[in-house]
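In what follows, chains are A, B, ... by sequence order, proteins preceding strands, each numbered from 1.
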There are 2 protein chains.
Amino acid sequence: MSALPRYRRIMERIRARIAEGTYPVGGVLPAETELCAEFAVSRYTMREALRLLVEQGMLSRRQKAGTVVVSRHPRAAYVQSIGTVEELFQHSVDTHLTVIDRREVPAPPAPVPPDDQGPWHRIDGLRRTQAEGAPFCFNRSFIPGRLAGLALERPGSFGPFYAMLAERAEEPIEQVVQEITAGLMPEEVWSSLGLPPDTIGMCVHRRYLSRVGVLIASFNWYEASRFVYRMELERSRGPAAGPGRGGPTGAG
Amino acid sequence: MSALPRYRRIMERIRARIAEGTYPVGGVLPAETELCAEFAVSRYTMREALRLLVEQGMLSRRQKAGTVVVSRHPRAAYVQSIGTVEELFQHSVDTHLTVIDRREVPAPPAPVPPDDQGPWHRIDGLRRTQAEGAPFCFNRSFIPGRLAGLALERPGSFGPFYAMLAERAEEPIEQVVQEITAGLMPEEVWSSLGLPPDTIGMCVHRRYLSRVGVLIASFNWYEASRFVYRMELERSRGPAAGPGRGGPTGAG
DNA sequence: GCGCGCAATTTGTCCAGACATAATCGCGAC
DNA sequence: GTCGCGATTATGTCTGGACAAATTGCGCGC
């Protein structure tokens, strides 16, 4: 017996035919039964082979319409994968946040959509690498009124605060929108960070959205000369997205 | 007959058991044959149900070791998906680039690794939304010597130039590293864009890496007050990553 | 000529059984 | 007590068959 299972080898042969144009893009493959006869395998084996090619984005199948070639090559999806919700909040975990202000505000600023009518909670904080030391990031977060009860439970320093909120709110995060901008720091930011007034900053803004609406909207200000937003996109074949890396990386 | 196929309903029931802790995380599920007996289905149906749960990242299966519960909830992978190489170069396609300078340089600047010894080609250009109109982006690209022959074929204005290079070089892109920084624009940039000397800029740097090394390294400078780098991460369940959106978005 | 409906075709779902392969666990030898 | 090998048992691969569902396209009626 060969090392590779039969459906695997058949998958390779069909892939080769697509690559060399025997089965052109947009064309229709022979029906399962015909392919079974040609390769002398059962329908299970052939379907397993075709399933792999569908997962790779090369084929598309529909009842009666048949199996059409979608792409000449396996899908090369460049993916910045963030595997878990925890990784989304990695920054919160890695660093130490000290709350310096907390108040109610009528609505968050643009570009946050004020989909929640009630008053919002605004929390300002400073991030440090260690509990002691100079802060490197000014954080301003907005939490809608409907979640304020949860948010207010943990005062003072809070590490995996966001993750707790997402978990407790029972609103699974459906989407995250991130926007990066740059410009002169607002006074609140540079003064809190102990920097001169003309400091150039980079602002990483994230909105964590559930089905209901905004869960958290956060603005993170960094000193531009000391900050690089780095992201790596890996070539990932097939359905199993590799362990992605990414996210903000401080740089000296 | 119900609307949903049988393996689908069984999948839901098993998922519910995992969610409610009947099958705890780290625990081992009953063997296929036992589950088949309990649900009174064939092994095919049961395996199809379990396959779905494996694809969702809730189960892990190994011969003899059995089926272990990996996660209590379906994997919520937040993915900025760029489906095709073309999308990576979307910016090049959408906009119009005019080459303003082209020369040989010994090596690209940091953070590009000079893995190619020969001289590099440096190409400066300006991006416009239309062929006429004010440029909004200064682009400086570095191409290693080994690809200079391909790069030099198309002079002047070039749209899907990068895509062509990646295609022609026969070096599939394995990884893309992107770094975003901000600061005062270098003189070459602000003067080329017709902006005052103290203009704050954002620089989006990308390195397209093949197995051999750097294919292209590009630096895109934008006027910070008019630029937002926007990225959306969607919740994507299962292997089929949805049609991702992302990439730089100009903002007024 | 146009539209509707039926039939043919293709993939989707499901069954029962068989053998292969791999990892674990226990037993035995040392 | 420890090491190693074999039996056990779980999933992995594969066959042949059957019916279901969906969509296309042809043909018939108007």
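- A donor-acceptor contact under 3.5 angstrom links the side-chain atoms of A:Q63 to the base of D:dA21.
- The listed nucleotides are C:dC15, C:dT13, D:dT13; the one nearest the side chain of B:R6 is C:dC15.
- For A:Y44 and D:dG16, the shortest distance from a side-chain N or O to OP1 or OP2 is not below 4.0 Å.
- In this model, the phosphate group of D:dT23 is not approached by any side-chain N or O of A:R62 to a distance below 4.0 Å at OP1 or OP2.
- Listed nucleotides: D:dG12, D:dT15, D:dT13. Nearest to the side chain of A:V41: D:dT15.
- For A:R13 and A:E38, the salt-bridge test fails: no basic side-chain N is under 4.0 Å from an acidic carboxylate O.
- Proximity note for A:Y7 (side chain, C-beta onward) versus D:dT13, D:dG12, C:dC14: the nearest is D:dT13.
- Between A:E32 atom CD and D:dA18 atom P there is a gap of 17 Å when expressed in whole angstrom units.
- Heavy-atom nearest nucleotides on DNA chain D were determined for A:A65 and for A:E48, and the one closer to the 5' end corresponds to A:E48.
- The side chain of B:T67 places an N or O atom within less than 4.0 Å of a non-bridging phosphate oxygen (OP1 or OP2) of D:dT11.
- Between B:Y222 and B:F227, the ring-plane angle classifies as parallel under the 30° and 60° cut-offs.
- Note on A:T45: a side-chain N or O is less than 4.0 Å away from OP1 or OP2 of D:dT15.
- Remark: P of C:dT21 and CZ of A:R8 are 17 Å apart, rounded to the nearest angstrom.
- If you check D:dT11, C:dC14, C:dT10 against the side chain of B:R43, the one that comes closest is D:dT11.
- Between A:L50 atom CG and C:dT10 atom P the separation is 14 Å, expressed in whole Å.
- Across the protein-nucleic acid pair, A:E34 atom CD and C:dT10 atom C1' stand 10 Å apart, rounded to whole Å.
- Look at NZ on A:K64: it is 17 Å from P on C:dC6, rounded to the nearest Å.
- Residue A:R47 has no polar side-chain atom (N or O) positioned under 4.0 Å from OP1 or OP2 of C:dT11.
- Rounded to whole Å, atom P of C:dC14 lies 14 Å from atom CZ of B:R51.
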